[in-house]
Amino acid sequence: MDSEIIARPLVTITNVIWSFNTELHRPQLLLIKRADEPLKGHWALPETLLRSKESADTACIRLIDDKIGLQVPMNSTEQLATFTDPKRVTGTRALALAYMTYLPSTPKLHPGYGATDAQWFVLDKDQGNYVITHDQQEIILSPAGHLVFDHIQIITTAINRIKNKLDYQPQILRILGNTFTLRQAREVFAAFLGTTIDKIDNSNFKKTHNHLFKEVGVATLNHSGRPPKLYQLN
């Protein structure tokens with residue numbers, strides 16, 4: 001029986017990093033192109049090996065700095081889940097501690113150590129499946145999709161976590177920044193609910209989600225018209 005005990009599995013920190021595409025009005029997540037084997041040249045979530053003298057939380061913050069050169073506070077992240085399937089990677093047994101990070105801005109990307117490219121992939125839904133796209137590249141978030149290891153499962157878990165918490169703890173709205181309009185909030189909700197913003201009535205949305213937000217002012221417009229109100233998460 002002792003021969004079946006794993007003495008020293010690898011522990012990786014995998015990060016689902018979310019932001020908001022202000023041109024397409026959609027949430028987006030960060031993928032990097034792997035520079036090393038296994039699966040060199042394939043798209044993947046940013047990840048790093050846990051070091052001997054750091055906590056998983058610290059490694060998650062370091063990973064963001066390593067991969068995209070951005071220093072974020074600890075409260076920008078939350079633990080998602082631990083992935084331990086023996087077949088999740090080939091070769092050495094590796095466990096993944098997965099996190100989600102919410103970025104209120106989209107810095108210019110510079111692929112860091114272990115990556116040859118880094119790009120934002122926009123979230124959408126097509127024929128019942130969530131998909132993420134960048135330029136002409138589309139990755140279907142289903143077992144038929146193409147990402148390394150179990151990263152599609154990790155992203156799907158993240159989407160389901162966000163979707164299930166929209167009505168009581170929509171932390172995903174932090175990608176909109178410190179303040180946001182109800183239209184922007186509806187755009188984020190629509191993406192995860194797999195619908196369009198037009199199908200989320202503004203008045204009903206405000207009524208049913210009023211307990212989640214507080215009004216803090218009005219937006220500044222560079223054109224004529226009534227400026228929309230600004231809100232913050234409670």
Side-chain angles (χ1 to χ4, degrees), residues 12-48 60 63-70 72 77 80-81 83 85 87-90 94 96 98-163 172 174-176 184 187-197:
T12 63
I13 305 300
T14 307
N15 204 337
V16 185
I17 302 176
W18 296 100
S19 66
F20 189 71
N21 188 307
T22 56
E23 294 181 358
L24 299 177
H25 305 278
R26 308 288 295 182
Q28 57 188 5
L29 61 86
L30 182 67
L31 294 184
I32 60 98
K33 187 170 286 187
R34 290 175 60 86
D36 306 306
E37 299 292 355
L39 302 173
K40 178 180 178 180
H42 287 68
W43 289 105
L45 290 168
E47 60 182 3
T48 187
C60 176
L63 170 60
I64 300 168
D65 191 16
D66 287 350
K67 296 301 182 184
I68 58 175
L70 186 66
V72 299
T77 70
L80 175 61
F83 295 82
D85 191 315
K87 298 181 180 179
R88 62 173 301 271
V89 302
T90 57
Y99 282 75
M100 288 195 293
T101 299
Y102 310 109
L103 297 185
S105 61
T106 53
K108 186 175 181 180
L109 298 178
H110 300 281
Y113 177 78
T116 60
D117 195 7
Q119 298 292 343
W120 293 108
F121 281 69
V122 176
L123 178 69
D124 214 327
K125 200 168 188 181
D126 183 40
Q127 298 181 358
N129 288 315
Y130 287 101
V131 298
I132 51 176
T133 58
H134 169 71
D135 288 342
Q136 301 301 314
Q137 301 175 84
E138 179 181 273
I139 299 172
I140 302 173
L141 299 180
S142 75
H146 297 288
L147 275 182
V148 306
F149 311 136
D150 57 352
H151 288 193
I152 282 183
Q153 180 187 358
I154 294 174
I155 295 172
T156 301
T157 301
I159 291 172
N160 288 334
R161 163 78 68 84
I162 291 168
K163 181 179 177 181
I172 186 62
R174 294 167 68 183
I175 65 177
L176 297 175
Q184 289 174 319
E187 289 170 343
V188 173
F189 272 58
F192 287 95
L193 294 173
T195 186
T196 63
I197 186 175

How far apart are the C-alpha atoms of Y99 and I13, what are their side-chain angles, what is the distance that settles it, and do they pass the side-chain contact (heavy atoms from CB on, under 4.5 Å) test?
CA-CA 7 Å; Y99 282 75; I13 305 300; 4.0 Å; yes
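- There is no side-chain donor-acceptor pair under 3.5 Å between N129 and Q127.
- With a 4.5 Å cut-off on side-chain heavy atoms, L70 and L103 count as touching.
- Pairing each heavy atom of A118 with each of L109, the nearest pair is O-CD1, 3.3 Å.
- Rounded to the nearest 0.5 Å, atoms OG (S19) and CG (L176) are 10.5 Å apart.
- From R26, atom CZ reaches atom CG of D124 across 4.0 Å, with rounding to the nearest 0.5 Å.
- Put simply, the side chain of R88 gets close to the backbone of A94: a donor and an acceptor are under 3.5 Å apart.
- Within the 3.5 Å criterion, the main-chain N or O of W43 finds no donor-acceptor partner in the side chain of R34.
- Remark: the backbone N or O of Q153 is not paired with any side-chain donor or acceptor of D150 at under 3.5 angstrom.
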Audit row: I17, W120, side-chain contact (heavy atoms from CB on, under 4.5 Å) steps and yes/no:
CA-CA 9 Å; I17 302 176; W120 293 108; 4.0 Å; yes
Could you walk me through whether F189 and T195 pass side-chain contact (heavy atoms from CB on, under 4.5 Å), step by step?
CA-CA 9 Å; F189 272 58; T195 186; over 6 Å; no
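- Side-chain N/O atoms of T133 and E138 include no donor and acceptor closer than 3.5 Å.
- Here the closest heavy-atom approach between residue L45 and residue L30 is recorded as CD2-O, 4.0 Å.
- A donor-acceptor pair is defined here as one N or O able to donate and one able to accept, closer than 3.5 Å; no such pair exists between the side chain of D135 and the backbone of Q137.
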I'd like to know whether I159 forms a side-chain contact (heavy atoms from CB on, under 4.5 Å) with L141, so could you lay out the CA-CA distance, the side-chain angles of the two residues, the decisive distance to 0.1 Å, and finally the verdict.
CA-CA 10 Å; I159 291 172; L141 299 180; 3.6 Å; yes
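- To the nearest 0.5 Å, atom CH2 of residue W18 and atom CD1 of residue I162 are 5.0 Å apart.
- Here N21 contributes atom CG and H134 contributes atom NE2; the two are 11.0 Å apart, rounded to the nearest 0.5 Å.
- V148 and A44 get closest at one heavy-atom pair: CG2-CB, 3.3 Å.
- At a threshold of 4.5 Å between non-hydrogen side-chain atoms, the residues L31 and L29 count as touching.
- Closest approach of L80 and R161 over heavy atoms only: O-NH2, 2.5 Å.
- Separation of atoms CZ (F192) and CD (E187) is listed at 13.0 Å; rounding is to 0.5 Å.
- Taking every heavy atom of both residues into account, A191 and Y130 meet most closely at O-CE2, 3.7 Å.
- A distance of 12.0 Å separates CD1 of I139 from NE2 of H151, quoted to the nearest 0.5 Å.
- By the salt bridge (charged side-chain N to carboxylate O under 4.0 Å, His left out) test, D66 pairs with R62, sequence neighbours left out.
- For the residue pair T101 / N15, a side-chain donor-acceptor distance below 3.5 Å is found, with atom types taken as modelled.
- Other residues, nucleotides and ligands contribute only 12 or fewer heavy atoms inside 6.0 Å of the CD1 atom of I140.
- Taking all atoms of both residues into account, the shortest heavy-atom contact from A35 to T116 is CB-CG2, 3.6 Å.
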